[in-house]
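What you are looking at is a predicted structure, and each value in this text was computed from that prediction instead of being measured. In the text below, chain A, chain B and the rest are named by the order of the sequence lines, each starting its count at 1.
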2 protein chains.
Amino acid sequence: MNSPYSGESASPYSSDQSIGVPSPPTVVAAFNRPYDAIHHDGPYINILEQPQSKFRFRYKSEMVGTHGQLKADRAEKNRAAFPTVKLSKWNSGPAVIRLTLYTAEDNINQRKRHVHELSGKNCNKETGICEVVVDEKSDYTAVFQNLGIIHIAKRDTREIIKQRKLEELMTLARVRKPHHSNEEIRRSITPTDLKKIDEEAEEEAKSMDLNKVVLRFQAFQYDKNIESYRPITLPVDSDVVFNLKNATTGELKIVRMSACSAPCTGGTEIWLLVEKVRRNNVHIKFFELDENDREVWKAYGEFADADVHHQYAIVFRTPRYRVTNLSTSVRVKVQLERPTDKDTSEALDFTYLPDSLKRPRINLENTLEEGKPHFSDLPPAKRFNISSYTNEAIDLSNNSKLPLVFVNS
Amino acid sequence: MNSPYSGESASPYSSDQSIGVPSPPTVVAAFNRPYDAIHHDGPYINILEQPQSKFRFRYKSEMVGTHGQLKADRAEKNRAAFPTVKLSKWNSGPAVIRLTLYTAEDNINQRKRHVHELSGKNCNKETGICEVVVDEKSDYTAVFQNLGIIHIAKRDTREIIKQRKLEELMTLARVRKPHHSNEEIRRSITPTDLKKIDEEAEEEAKSMDLNKVVLRFQAFQYDKNIESYRPITLPVDSDVVFNLKNATTGELKIVRMSACSAPCTGGTEIWLLVEKVRRNNVHIKFFELDENDREVWKAYGEFADADVHHQYAIVFRTPRYRVTNLSTSVRVKVQLERPTDKDTSEALDFTYLPDSLKRPRINLENTLEEGKPHFSDLPPAKRFNISSYTNEAIDLSNNSKLPLVFVNS
DNA sequence: GGGGAATCCCC
DNA sequence: GGGGATTCCCC
């Protein structure tokens, strides 16, 4: 009966858990006091600037040189903004706002301390935790500039989680047996405790998504009575930050499209160059918006697994437009869509053309311009970039250009 | 003066090298006797089956499960063949044929023991060296089945080379001071020797190409007099084996082509899906052979760096054909070409069409087949595979099919 | 900031 | 046998 958790005190591993703690304590255990000490009409943190949604996590091996910081979600083109929080309903002097990475489960109560770490100014290199002091001068506002997210290698996660859990356990033991020596505290942890920690760490490591984090903010004040920090607000989580360098969470993007118009009857083969997609986790969505930007029609490009070349190109056929007896062309949109997270790429313009079968005969003579691209019956493929592609689709309804096709007699 | 190489005996690190040894000894040092003991009109090894030119090297971490063996270069579709050598002009009983990986410098005299190892039956797990006994029964022929090439991680190469050099040095010292204890031998190696080894290992590691090896074969016989093996042939190197999983040495391949014909005037945009290429190390070669398979014309597709999408797609424009007043279409070939090693992909058929400007007008009416691909004025893009693509290019000279183009009025 | 090389994992 | 995920490196 060596365990600090045997007898009347509840073991953290028994079902008899301590009061409704929404998340386990971090390794900085002195910070963690029961939340019920917090008045719910008292001070709180609100997030003035959410972090950007996509950001490239960097491995420790990449921490040489500089690679850009986490910015605010709606940072302006020119003037960068950064994640920012404000401590409200508080005027009892300086406070510390602590920022820790947590996992991104939908259910906030399931979130755990993440193995990934924060890097940059105000960040503790040991813990990967960032702290900023706020006071009246700063209007109790903390701007987290210069943040990086350190991607801990998968192979290291288990051991890290295990060590943290061990720390927790020892801290708890120290709290309960304040007069014991470190040696005694260490010895008070039983093999059963260790086994439990091991199993939990294994399970947690396996289920931890290394490509998503949230920023968890909480405010603390130094309390002279207990000679340590105590929380003065509940924790608040930011929106999810996704790892940009990952096919499951990275940015969807159409880099180049072989044609941006095709007959409304569908079935036209089009080639796309795209950024890292996953074969079974990408759709090509055609859709149409009304004047109020409401989606009035959608359909998906058709392709097989084999039409996705590595993670960078897709050869597909256009879907039939909702109407096939067009007399004039119709402008719609195309975008990539990722089923797993419903994320989409920026939408490109696409033009559905009247069915050529219903067009009058035309004269081919003297119509080929020498040196003009000859790839397609449609306007030449364009290189797209953010600033130029939105107006590339060609509307043929007001001129005499006609698409031609392979002639079969 | 502790070094085994001080005084009158030549240090392996002085310029006064021992007799014309074309390559350094391996760690299996007992095997290595001066080659001048070999009669040059005596026994020799010849290679009956060269190894295949491209093979995927596997990391140690991939050594779980099975991943296929190194086969002979011209293994039949159905019946696999394996690298095979024969010991000739020898009839003095069983011999050992040793197979060791060496680097693949053009100049054979610069080749060194490679850090990569061989795996499989008859291979020593410590040394990565493979040995097979041949005798009259086997017609002195060794078939190396079940060979794998283990890709040693770059970060480990320096230390491995260093350890081998140390072994060599110790072995040499033992030979020269046969009555010294191991401890004495070890102490006889000076800091200067060690420094030299370190520098050499560093240099060798840096210059070693981890994506190429040759198989070096040599025959040995057990000699009762010296109680060890002595070589009975000179070593013989196989053709180079390239690592298949590498953009610089891997197989060049056109997986899919958006069109396999275009006007002889050139400038047609065509999209290629390819296997791992390097932006600055790939050309698209069009060429024509005469009846005797002599190349009578060649030209290259035009594209910029930015037209290579990651390592898997290239958007380029066709070169102008050597004649632009064709009255009938001409069949040529296209292939990828890699400047650094002059390697090429399999060549696909491509058809140059008469300049459409010179074609008579045609009638478009009733010529579009519903549901037919509409991507291009050219035949629909085809998925290529080894067995089917060679006949895909369409020759339009003998029928009434006509390519149409974007009409500009 | 970003692409791709090197290494590892798994269908 | 092969594709791609993971980690690392470098322009």
Side-chain angles (χ1 to χ4, degrees), chain A residues 52 54-71 75 80 115-116 148-157 205-206 208-211 243-251 253 255 273-282 305-306 308-313 385-386, chain B residues 52 54-71 75 80 115-116 148-157 205-206 208-211 243-251 253 255 273-282 305-306 308-313 385-386:
Chain A
Q52 62 191 135
K54 310 271 185 189
F55 182 70
R56 180 163 164 179
F57 302 177
R58 295 285 179 171
Y59 288 87
K60 282 193 166 147
S61 63
E62 294 183 285
M63 285 295 118
V64 289
T66 175
H67 287 292
Q69 328 83 48
L70 184 68
K71 303 196 182 49
V115 287
H116 288 172
I149 295 175
I150 300 180
H151 189 304
I152 298 300
K154 191 197 285 260
R155 58 173 174 268
D156 297 330
T157 56
K206 203 158 52 186
M208 188 172 289
D209 187 334
L210 299 181
N211 291 301
N243 183 12
L244 200 50
K245 176 99 172 176
N246 179 273
T248 307
T249 54
E251 196 175 8
K253 188 171 174 190
V255 176
L273 302 186
V274 299
E275 289 306 341
K276 220 194 233 301
V277 297
R278 294 215 308 189
R279 212 179 278 293
N280 293 308
N281 194 20
V282 64
D305 271 8
V308 181
H309 185 58
H310 292 275
Q311 319 191 73
Y312 297 104
N385 59 49
I386 288 167
Chain B
Q52 61 190 137
K54 311 271 185 189
F55 182 69
R56 180 164 164 179
F57 302 177
R58 296 282 180 174
Y59 288 87
K60 280 194 168 149
S61 63
E62 295 184 286
M63 285 294 118
V64 289
T66 175
H67 288 292
Q69 327 83 51
L70 184 68
K71 302 196 181 52
V115 288
H116 288 172
I149 295 175
I150 301 179
H151 189 305
I152 299 300
K154 192 197 284 261
R155 58 173 174 270
D156 296 331
T157 56
K206 203 158 51 185
M208 188 172 287
D209 187 334
L210 299 181
N211 290 300
N243 183 11
L244 199 50
K245 175 100 169 175
N246 178 274
T248 308
T249 54
E251 196 174 9
K253 188 172 175 189
V255 176
L273 302 186
V274 300
E275 290 307 343
K276 219 196 237 300
V277 296
R278 295 216 308 188
R279 212 179 278 293
N280 293 308
N281 194 18
V282 64
D305 271 8
V308 181
H309 185 60
H310 291 276
Q311 318 189 65
Y312 297 104
N385 59 49
I386 288 169

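Between B:Asn211 and B:Glu62, the residue whose closest nucleotide on DNA chain C is further toward the 5' end is B:Asn211. Both A:Leu244 and B:Ala247 sit near DNA chain C, but only A:Leu244 has its closest nucleotide nearer the 5' end. Two residues, A:His310 and B:Arg155, neighbour DNA chain D, and the one matched to the more 5' nucleotide by heavy-atom proximity is A:His310.
The side-chain contact (heavy atoms from CB on, under 4.5 Å) test with A:Lys245 singles out one residue from A:Lys276, A:Arg56, A:His151, A:Arg58, and that residue is A:Arg56.
A 4.5 Å side-chain heavy-atom check between B:Leu210 and B:Met208 finds at least one atom pair inside the cut-off. At least one side-chain heavy atom of A:Asn280 sits less than 4.5 Å from a side-chain heavy atom of A:Asp305.
Separating the CG atom in A:Asn243 from the OG1 atom in A:Thr248 is a distance of 10.0 Å, to the nearest 0.5 Å.
Following rounding to the nearest Å, A:Lys276 (NZ) and C:dA5 (P) show an atom-to-atom distance of 12 Å. Atom C1' of nucleotide C:dA5 and atom CZ of B:Arg278 are separated by 9 Å, given to the nearest angstrom. In this structure, CG of B:Asn246 is placed 13 Å from C1' of C:dT7, rounded to the nearest angstrom.
Minimum atom distance to the side chain of B:Arg58 is reached by C:dC9, of the listed C:dC9, C:dA5, C:dA6.
Side-chain contact annotation: A:Glu275 with B:His310, donor-acceptor N/O pair under 3.5 Å present.
Within the 4.0 angstrom heavy-atom criterion, base atoms lie near A:Arg56.
Judged as a ring pair (Phe, Tyr, Trp, His ring centres under 6.0 Å), and not counting sequence neighbours, A:Phe55 has no contacts.
On the nucleic acid side, DNA chain D has its first and last nucleotide under 4.0 Å of a heavy atom of chain B at D:dG1 to D:dG4, going 5' to 3'.
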